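One structure is given here, and the rest of the page talks about it.
The analysis underlying the following values was restricted to heavy atoms, covering all of them including side chains, and did not include hydrogens, waters or symmetry mates. Keep in mind that this is a model prediction, so the values were computed, not measured.
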Amino acid sequence: MSYNLEQVVHEAAILLRNSKFTTAFTGAGISVESGIPPFRGEEGLWNKYDPRYLEIGFFLAQPEESWKVIKQIFYDFFGEATPNSAHLMLAKMEREGMLHRIITQNIDNLHQEAGSTQVYEFHGNSMKLVCLACFRKSPYREISLEELPPRCPDCQGLLKPDFVFFGEPIPQKPMIAAYDAAGKSDVFLIIGSTGEVMPANQIPPMAKQNGAKIIEINPQESNYTNGITDIFLKGKAGELTSLLGEILFSTPLQND
Ligand code: NAD
């Protein structure tokens with residue numbers, strides 16, 4: 001059977017319009033059009049950097065070495081990124097009552113900057129640094145990264161980005177929100193995730209098991225595509241969410 005993008009976008013829009021509870025599950029791919037590279041794939045950060053710098057054991061043993069890489073990846077060029085049309089479309093869908101929760105694996109704060117309010121960050125957020133001695137959290141912009149590793153302004157303890165390193169547990173609040181969403185969503189909209197990172201990758205299959213329809217946006221097939229995805233929208237997040245939005249916000253929809 002041939003793949004007709006317009007047709008599948010239309011089918012996805014109908015599912016979204018008829019859904020009582022919709023969750024977006026986003027990964028690094030949604031921020032690529034904001035200029036932030038993903039971890040995996042041809043342009044991925046792991047082709048340039050060694051992932052062990054983001055292992056908690058390595059960080060605690062050699063914070064200066066870890067921080068040099070962290071600064072380059074997350075603070076030198078992450079900091080200038082702004083939301084793209086995909087982040088903005090999800091925020092609009094929330095305002096229009098068509099999106100009820102975002103579970104994101106991203107740590108770039110772009111969903112919140114786009115105006116989304118129901119955002120649960122599975123892997124924390126890079127905007128704050130946490131002191132490993134007194135646990136005070138400081139906005140990263142208030143901390144000088146001239147000398148590494150940075151130190152707590154209060155107690156001189158070691159500062160760590162407030163996101164989840166490899167080997168660290170997932171914070172409880174987003175974990176509970178993700179399980180809850182997987183239990184009650186009619187539609188799960190996966191955008192830009194390979195589905196390789198555990199335990200986050202277990203959330204969409206749980207939603208599917210509980211009866212959710214899975215819509216996926218990605219320029220390439222992921223671990224989800226041939227397993228749980230019901231409607232695959234092949235393409236970039238910005239372009240596909242705009243197409244979806246055009247149909248979603250035009251009334252009435254055929255077969256609605
Ligand atoms: P990933 O890096 O493993 O994969 C990125 C996915 O995005 C791929 O499937 C790729 O095909 C797709 N993609 C590439 N360009 C796209 C586009 N324009 N539109 C839509 N999709 C596109 O990403 P992951 O599954 O999220 O797992 C990586 C982990 O890395 C996550 O845990 C996340 O915390 C972290 N990460 C976050 C950021 C960020 O905050 N922006 C950036 C890099 C990595």
Side-chain angles (χ1 to χ4, degrees), residues 1-34 38 40-43 83-106 110-111 114-116 118 181-182 184-196 200-201 203-256:
M1 211 165 65
S2 70
Y3 180 82
N4 180 334
L5 183 63
E6 211 174 301
Q7 174 69 27
V8 283
V9 173
H10 192 92
E11 285 170 16
I14 290 169
L15 278 185
L16 287 165
R17 285 270 288 257
N18 291 330
S19 167
K20 289 195 177 60
F21 196 96
T22 296
T23 298
F25 178 84
T26 64
I30 194 171
S31 296
V32 167
E33 287 154 271
S34 294
R40 294 170 188 77
E42 260 173 54
E43 304 292 317
N84 64 50
S85 52
H87 299 105
L88 295 170
M89 183 56 73
L90 293 189
K92 181 171 179 185
M93 285 172 66
E94 182 191 316
R95 282 196 302 278
E96 301 287 333
M98 291 185 187
L99 181 66
H100 305 91
R101 190 168 296 175
I102 295 178
I103 307 293
T104 188
Q105 296 168 85
N106 295 345
L110 293 182
H111 285 302
S116 292
Q118 300 304 308
K184 68 183 183 197
S185 295
D186 301 310
V187 173
F188 237 64
L189 175 60
I190 307 174
I191 306 180
S193 181
T194 49
E196 283 183 21
N201 63 357
I203 304 300
M206 277 175 52
K208 173 83 174 182
Q209 247 178 9
N210 289 324
K213 290 285 183 194
I214 310 289
I215 301 170
E216 181 183 9
I217 298 178
N218 200 314
Q220 286 174 13
E221 291 186 356
S222 72
N223 288 353
Y224 302 118
T225 315
N226 297 309
I228 60 166
T229 298
D230 293 294
I231 298 185
F232 184 47
L233 306 180
K234 187 170 168 42
K236 292 182 178 175
E239 290 166 17
L240 267 294
T241 49
S242 299
L243 270 180
L244 199 53
E246 270 171 35
I247 304 180
L248 210 48
F249 299 115
S250 72
T251 49
L253 264 181
Q254 239 181 359
N255 305 330
D256 232 355

Set of side chain to side chain donor-acceptor pair (under 3.5 Å) partners for [X], sequence neighbours left out:
{"X": "Thr241", "answer": "none"}
{"X": "Glu11", "answer": "Gln7"}
{"X": "Ser34", "answer": "Asn84"}

Lys234: which residues meet the salt bridge (charged side-chain N to carboxylate O under 4.0 Å, His left out) condition with it, sequence neighbours left out?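 None.
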
Only counting residues at least two apart or in another chain, list the ones meeting salt bridge (charged side-chain N to carboxylate O under 4.0 Å, His left out) with Glu196.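 For Glu196, the residues satisfying salt bridge (charged side-chain N to carboxylate O under 4.0 Å, His left out) (neighbours in sequence not counted) are Arg40.
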
Pairs under 3.5 angstrom only: tabulate donor-acceptor contacts from the side chains of residues 19-30 to other protein residues two or more places apart or in another chain.
unit_1: Ser19; atom_1: OG; unit_2: Phe21; atom_2: N; d: 3.3
unit_1: Ser19; atom_1: OG; unit_2: Phe21; atom_2: O; d: 3.1
unit_1: Ser19; atom_1: OG; unit_2: Thr22; atom_2: OG1; d: 2.7
unit_1: Thr23; atom_1: OG1; unit_2: Ser185; atom_2: OG; d: 2.7
unit_1: Thr26; atom_1: OG1; unit_2: Thr104; atom_2: OG1; d: 2.7
unit_1: Thr26; atom_1: OG1; unit_2: His111; atom_2: NE2; d: 2.9

Residue of the set Ile190, Ile231, Leu189 for which side chain to side chain contact (heavy atoms under 4.5 Å, CB included) holds with Ile214: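 It is Ile190; the other options fail the test.
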
List for me each residue that meets side-chain contact (heavy atoms from CB on, under 4.5 Å) alongside [X], sequence neighbours excluded, and say none if there are none.
{"X": "Ser242", "result": "Ser85"}
{"X": "Asn201", "result": "Met198, Tyr224"}
{"X": "Glu6", "result": "Asn4"}
{"X": "Glu221", "result": "Thr225, Asn226, Phe232"}

Any donor-acceptor pair under 3.5 Å linking the side chain of Glu216 with the backbone of Thr229?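 Checking the backbone N and O of Thr229 against the side chain of Glu216, no donor-acceptor pair under 3.5 Å is found.
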
Pairwise distance [atom1]([X]) to [atom2]([Y]) - rounded to 0.5 angstrom:
{"X": "Glu33", "Y": "Leu110", "atom1": "CD", "atom2": "CG", "answer": "12.0 Å"}
{"X": "Leu90", "Y": "Arg95", "atom1": "CG", "atom2": "CZ", "answer": "11.0 Å"}
{"X": "Ile103", "Y": "Ile203", "atom1": "CD1", "atom2": "CD1", "answer": "7.5 Å"}
{"X": "Asn106", "Y": "His87", "atom1": "CG", "atom2": "NE2", "answer": "6.5 Å"}

Salt bridge (charged side-chain N to carboxylate O under 4.0 Å, His left out) contacts touching residues 205-215 (sequence neighbours left out):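 Pairs touching residues 205-215 that pass the test: Lys208-Asp230.
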
